[in-house]
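All heavy atoms count here, side chains included; hydrogens, waters and symmetry mates do not. What you see is a predicted model, and the numbers here were worked out from it, not measured in a lab.
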Amino acid sequence: MRSFHTKKKISHKKGFTLIELMVATTIFVIVMVIAIGSVLSIVDANRKAQALNSVINNLNFALESMIRDVRTGTNYSAGTCTINGVSGTGTNCSFSFTSQNGVPLAYTFYQDSLGNGKLQKITNGGTPTDFTAPEVNVQNLAFSISGAGSNDGQPRVLINIGGYAGVKQKIRSNFSLQTLVSQRLADINY
């Protein structure tokens, strides 16, 4: 039997060349830049969603409270009153009525010199208190009363609120809400 010896070529090259390392690093950097851009977009979308969620929760609470008061109130007083965020700076607009307890109530729109609009509540002619959260910027508010005459049926109040949430332009969310409230007086006095 013969034994065959084969010579193996031994390569002295070990590792990667400089060009291979540069190409791999460049590809890695490109992938990471794209990934970081995607993560930042998701973070911005999350901030916008949180701002919108805060606005919806705050406005829902404010409107439900206002609707409850208006629904059981009497002696509604307001014409169609709208203040635009651009031209209505520094002016007030209010809707007033008498609550079911006989206390005068008013909901007022106030806009400061910077254009920040707030919905305020005034009880019994007292000091106005902010009714919306600081991150909610009301830009227009309209009250329209119908059916308040003796033959017009039940009084109804149409409420329109518009504005935006968020302080930074990038995460600002616009909103526009409308609701119709009809008077529901209690038949039984306790």
Side-chain angles (χ1 to χ4, degrees), residues 48-167 171-190:
K48 188 171 184 174
Q50 286 177 349
L52 185 59
N53 188 33
S54 174
V55 167
I56 295 301
N57 287 338
N58 183 261
L59 285 175
N60 186 35
F61 173 76
L63 275 177
E64 287 298 320
S65 180
M66 183 189 314
I67 289 168
R68 192 176 326 113
D69 289 341
V70 171
R71 183 169 282 147
T72 58
T74 58
N75 303 324
Y76 303 132
S77 172
T80 301
C81 181
T82 304
I83 295 179
N84 184 314
V86 176
S87 63
T89 303
T91 55
N92 290 309
C93 175
S94 69
F95 168 72
S96 59
F97 58 97
T98 304
S99 73
Q100 67 180 359
N101 301 330
V103 176
L105 289 178
Y107 288 96
T108 302
F109 173 74
Y110 174 75
Q111 195 166 42
D112 63 18
S113 60
L114 299 174
N116 300 319
K118 301 288 178 204
L119 182 59
Q120 297 178 324
K121 182 178 181 178
I122 303 170
T123 305
N124 204 14
T127 305
T129 56
D130 286 349
F131 203 59
T132 52
E135 63 269 7
V136 176
N137 195 327
V138 177
Q139 290 297 295
N140 57 59
L141 176 66
F143 294 102
S144 180
I145 302 170
S146 61
S150 59
N151 295 330
D152 292 339
Q154 222 167 346
R156 295 169 303 281
V157 179
L158 179 65
I159 304 169
N160 289 305
I161 298 176
Y164 61 88
V167 256
I171 59 171
R172 184 177 287 185
S173 297
N174 295 329
F175 64 87
S176 180
L177 301 171
Q178 180 181 50
T179 188
L180 180 67
V181 184
S182 58
Q183 185 183 47
R184 303 273 189 236
L185 296 177
D187 293 335
I188 302 172
N189 293 328
Y190 295 98

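- When every heavy atom of Lys118 is checked against every heavy atom of Asp130, the shortest pair comes out as CB-OD1, 4.1 Å.
- Remark: Gln100 CD to Leu105 CG distance equals 10.0 Å, nearest 0.5 Å.
- Rounding to the nearest 0.5 Å gives a distance of 11.0 Å between CG of Asn101 and CG of Asn124.
- Taking the side chain as every heavy atom from C-beta outward, Pro104 and Thr98 never approach each other to under 4.5 Å.
- Taken from CG in Leu158 to OG in Ser182, the straight-line distance is 12.0 Å, to the nearest 0.5 Å.
- Atom-to-atom distance recorded for Asn116:CG and Gln139:CD is 8.0 Å, nearest 0.5 angstrom.
- For the pair Phe143 and Val157, the tightest heavy-atom approach, listed with the atom from each and the gap, is CD2-CG1, 4.3 Å.
- Using a 4.5 Å cut-off on side-chain heavy atoms (C-beta onward), Ile161 and Phe175 make contact.
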Side chain to side chain contact (heavy atoms under 4.5 Å, CB included) assessment of Leu141 paired with Phe95: CA-CA 10 Å; Leu141 176 66; Phe95 168 72; over 6 Å; no
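- When all heavy atoms of Gly73 and Gln183 are compared, the pair lying nearest together is O-NE2, 2.6 Å.
- Rounding to the nearest 0.5 Å places CZ of Phe131 at 15.5 Å from CZ of Phe109.
- Rounding to the nearest 0.5 Å gives a distance of 12.0 Å between OG1 of Thr72 and CD1 of Ile67.
- Leu177 pairs with exactly one of Ile159, Asn160, Leu63 by the side-chain contact (heavy atoms from CB on, under 4.5 Å) rule, that one being Leu63.
- Side chain of Asn137 to backbone of Gly117: a donor-acceptor contact under 3.5 angstrom is found.
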I would like to know whether Lys121 and Tyr107 meet side chain to side chain contact (heavy atoms under 4.5 Å, CB included); could you show each step before the answer? CA-CA 5 Å; Lys121 182 178 181 178; Tyr107 288 96; 3.6 Å; yes
